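Every value quoted in this text rests on a predicted model; they were computed, and no experiment measured them. Convention: sequence-line order gives letters A, B, ...; per-chain numbering from 1.
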Number of protein chains: 4
Amino acid sequence: MEGQPQKLPNARQRSQIETRTRLLDVAAHLFAKDGCNKTTTKNLASQAGVAVGTVYLHFGDKDTLLQELLKTAISHLKQEMGKISPGETDGFSLVQAKMNGLANFARRFPALAAVLFDPVNLASPAGQDAANFLTKSQENGLMAGISAGYYRGDLHSGLAARALVGILVQILGWWARNPQAASQTEIVEILTELRMNGLKSQG
Amino acid sequence: MEGQPQKLPNARQRSQIETRTRLLDVAAHLFAKDGCNKTTTKNLASQAGVAVGTVYLHFGDKDTLLQELLKTAISHLKQEMGKISPGETDGFSLVQAKMNGLANFARRFPALAAVLFDPVNLASPAGQDAANFLTKSQENGLMAGISAGYYRGDLHSGLAARALVGILVQILGWWARNPQAASQTEIVEILTELRMNGLKSQG
Amino acid sequence: MEGQPQKLPNARQRSQIETRTRLLDVAAHLFAKDGCNKTTTKNLASQAGVAVGTVYLHFGDKDTLLQELLKTAISHLKQEMGKISPGETDGFSLVQAKMNGLANFARRFPALAAVLFDPVNLASPAGQDAANFLTKSQENGLMAGISAGYYRGDLHSGLAARALVGILVQILGWWARNPQAASQTEIVEILTELRMNGLKSQG
Amino acid sequence: MEGQPQKLPNARQRSQIETRTRLLDVAAHLFAKDGCNKTTTKNLASQAGVAVGTVYLHFGDKDTLLQELLKTAISHLKQEMGKISPGETDGFSLVQAKMNGLANFARRFPALAAVLFDPVNLASPAGQDAANFLTKSQENGLMAGISAGYYRGDLHSGLAARALVGILVQILGWWARNPQAASQTEIVEILTELRMNGLKSQG
DNA sequence: TATGAATGAGGCTTCATTCAT
DNA sequence: GATGAATGAAGCCTCATTCAT
């Protein structure tokens, strides 16, 4: 090995443990850019500097790779949401903090966010868990808000949760792909306002 | 002749326009059920009781067929929206009427609605027009509302329009596929409320 | 009929007997421009202002249509060659007269010439007759020339005939498609010279 | 293992380069026999003992495969022509040597010659390079001959080159497909004679 | 672990031809 | 004779996946 001429670092030169990580990383970026369906495993492999077979060695199939990606995304999202001060109990502040957590996730992991907030992925079999998590956590938040009196008691929480996920997918998925198109403040503001006050003027 | 076994009347016996209509109808249902990408032209043709070539005779290619479908959907949607009484000027009532128009469309043309409110279709080249129409009409509504003072003047209308489209796609697309899962009243209510008051309790 | 509004003359308005002629004419031009294989029967029919079925009514299939075209071409060619004065007995003058006859044909019927001198057509089953005619007539001319002492007695006439056909296909087929690129005089000269003296300088 | 039935070594056991070579070889023979258009990729693959995908793995598409074939043919042809003694300066001998080089190529690589001297291929987009090479090299030879005084100064070299290519396509293309129908001597003789003296008797 | 040539089912599209009107 | 919607075999190409090295 020491006799080898200098090369750009490729898969062999890097730690094997890194391979899996790099594959996930490259996959996140390609899936974010072109979508999972339009990203071929061959392209993914070559971008990652490994052979196609290696992808299958690590993930079994493309679907599992997507699942892993979504799992990772959810994990980072949870971590971000976990940073919210538990003292936050005021309705508006709490929602704002949550929306900020979501936006933080999208800003820090734009590729993962683009993959997570991609309706195609959420609708695929591999995305069931992620979709359920998003819907459930929205629904839980809503139900907690109802219990606490922040939200109307007659709210159809399932339906509302669905709508909220739609907003997140549309806004955060877009923002993750176009971070320069809006500031985090704007994103958090629209998400919070829409949830708390709708669009109506504060008359 | 009398000895011949009964034959189903084949496509050649049916009129051209009937075939085209049937193809659009079958395509709408298949695209609604499985998505455009997972619907093969062969399957579409056989479900419609015609040969593959017939699909291409009528639509040139799959993309054009999708476009036709979306055009039809938009046309029905516009028609439904056109029924709104022009006297409706009150903010809440107007929004409610609009949401009801959308829901009417989804109820009356569930397959077309499922195709129209499918993010994959809206993101495809064939869906550009439809996507633009949806976004523009949301944005126009928002700007009219701002002018009329119903909505906050500092609303980032592009961002808000995006969010609203996300809600429609999520709620109406889902409802079109699962009409039994919610009543039209519930759908209209959540759409209207979310837009006018957000989710917070009317305290 | 008299009550009909004026229309561009289409198949119905023209004599039915003309239909066949028009089909042959349009086919000649399309085959000349794009080749037989790239000309679809649908396109042919629409250019001729008739329905696809009509093509099949008149010619049975595409191959037969090509055959008819080649037959017509050969017929015109023969007619042109028949104009050569039977008194022409001198070797050079005779060849020149023949080459001029060929060039006349190509000039007067450029589309037919382009179809006839198209190697793809000559190689197709439908072109066997035409190919044989061309080769045979070249060979006959050569053998006559040999008998008359104008050509070398040890000439491999089959081989030479093949070469001559190659020249005709290449030169006349090209000229038929690009009549402006060379004058008839130049065409006749090169064909005659090549045959009589080769390319060698007259030293 | 010993219980396993004997298997033909499949493509996977063979080296990449071997497969590519075999594909080119089989393609050359099929294209020579039936023409490129009538050779299906499926048939090509099965004749080569590989799956369809393998063809596309190696060549991207059918056109590129044809190009490779033509490139190879030109390369062999150039090699053959390169063997001509540079001392050959006499007009007749030089032409004879060149014609012999061409015939050597056709004799040694009959399939490639049949593909190269196929007017359909030369007219296709993939054949542009090859067609240009053939025409150009004929034209160069002619212009050199004119300079050296071997050919008439008033020769329309573009037209003459066209005629010469026509002869080569017709004679060598045919001979490559029917090697038994004429001896190399005959081929070289007719090509040389036609070019140097035409067909007339040496009176 | 890693490789990457090979696989082959399956998708989209074309077009010569038919046949009921 | 004429029509033209319909047919369907067949072609080209893609890409997730496998497996011998």
Side-chain angles (χ1 to χ4, degrees), chain A residues 10-12 16-17 19-20 37-46 49-63 65, chain B residues 9-20 37-46 49-63, chain C residues 10-12 16-17 19-20 37-46 49-63 65, chain D residues 9-20 37-46 49-63:
Chain A
N10 64 26
R12 308 241 182 181
Q16 294 151 342
I17 305 171
T19 298
R20 186 190 157 92
N37 288 328
K38 285 199 184 162
T39 302
T40 65
T41 52
K42 189 172 263 181
N43 186 27
L44 165 59
S46 82
V50 300
V52 223
T54 306
V55 177
Y56 287 85
L57 199 63
H58 280 278
F59 300 101
D61 62 18
K62 211 183 166 190
D63 244 47
L65 170 55
Chain B
N10 69 30
R12 203 163 281 167
Q13 272 93 56
R14 296 174 299 220
S15 82
Q16 175 201 167
I17 220 160
E18 207 183 321
T19 301
R20 188 189 153 93
N37 290 329
K38 285 201 184 156
T39 301
T40 68
T41 53
K42 191 178 263 184
N43 187 27
L44 166 57
S46 80
V50 299
V52 226
T54 305
V55 176
Y56 290 88
L57 179 68
H58 284 277
F59 301 102
D61 63 17
K62 212 182 164 192
D63 242 48
Chain C
N10 64 26
R12 308 240 185 182
Q16 293 152 345
I17 305 170
T19 299
R20 187 190 157 92
N37 289 329
K38 285 199 184 163
T39 301
T40 65
T41 52
K42 191 173 261 182
N43 186 26
L44 165 59
S46 81
V50 300
V52 224
T54 305
V55 177
Y56 287 85
L57 199 63
H58 281 278
F59 300 101
D61 63 19
K62 211 184 168 190
D63 244 46
L65 170 54
Chain D
N10 68 30
R12 202 163 281 168
Q13 271 93 57
R14 296 174 296 218
S15 81
Q16 175 202 165
I17 220 158
E18 206 183 322
T19 300
R20 187 188 154 93
N37 290 329
K38 286 200 185 158
T39 302
T40 68
T41 53
K42 192 176 263 182
N43 186 28
L44 166 57
S46 79
V50 300
V52 225
T54 305
V55 176
Y56 290 88
L57 179 67
H58 283 277
F59 301 101
D61 61 18
K62 212 183 163 191
D63 242 48

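- One interatomic measurement links the two molecules: NZ of K38(A) to C1' of dT14(F), which rounds to 14 Å at whole-angstrom precision.
- T41(C) has no side-chain polar atom (N or O) that falls below the 4.0 Å cut-off from OP1 or OP2 of dC15(E).
- Between R20(B) and G53(D), the residue anchored nearer the 5' end of DNA chain F, judged by the nucleotide with its closest heavy atom, is R20(B).
- In this structure, H58(C) places its NE2 atom 16 Å from C1' of dT17(E), rounding to the nearest Å.
- Note: F59(B) CZ to L44(B) CG = 8.5 Å, rounded to the nearest 0.5 Å.
- Of the residues near DNA chain E, N37(C) and A51(A), the one whose nearest nucleotide (by heavy atom distance) lies more toward the 5' end is A51(A).
- For the pair L57(A) CG and dA20(F) P, the computed distance is 16 Å after rounding to whole Å.
- Closest approach of T39(B) and K62(B) over heavy atoms only: O-NZ, 2.8 Å.
- The distance from atom CZ of F59(C) to atom P of dT17(E) is 14 Å, rounded to the nearest whole Å.
- Residue V52(C) is the one, among V52(C) and D61(D), whose nearest nucleotide of DNA chain F lies closer to the 5' end (criterion: closest heavy atom).
- Residue K42(C) places none of its side-chain N or O atoms closer than 4.0 Å to OP1 or OP2 of dC15(E).
- Dashed line: the shortest gap from a side-chain N or O of T54(A) to OP1 or OP2 of dG4(E) is not under 4.0 Å.
- R20(C) CZ to T54(C) OG1: the interatomic distance, rounded to the nearest 0.5 Å, is 13.5 Å.
- Counting only Watson-Crick or G-U wobble pairs whose defining distances are both under 3.5 Å, the stems of 3 or more consecutive pairs in DNA chain F are E:2-21 with F:2-21.
- Distances shown here put a side-chain N or O of Y56(A) below 4.0 Å from the OP1 or OP2 atom of dT17(F).
- Between A45(B) and V55(B), the shortest heavy-atom contact is CB-CG2, 3.9 Å.
- From L57(D), atom CG reaches atom CD of Q16(D) across 7.5 Å, with rounding to the nearest 0.5 Å.
- Computed from coordinates, the L44(B) CG to dT13(E) P distance equals 12 Å when rounded to whole Å.
- Here the closest heavy-atom approach between residue Y56(C) and residue T41(C) is recorded as OH-CG2, 3.3 Å.
- Annotation: of the two residues near DNA chain E, K62(C) and D63(B), the 5′-most nearest-nucleotide partner is D63(B).
- Contact check, T40(D) against dA10(F): no side-chain N or O comes under 4.0 Å of OP1 or OP2.
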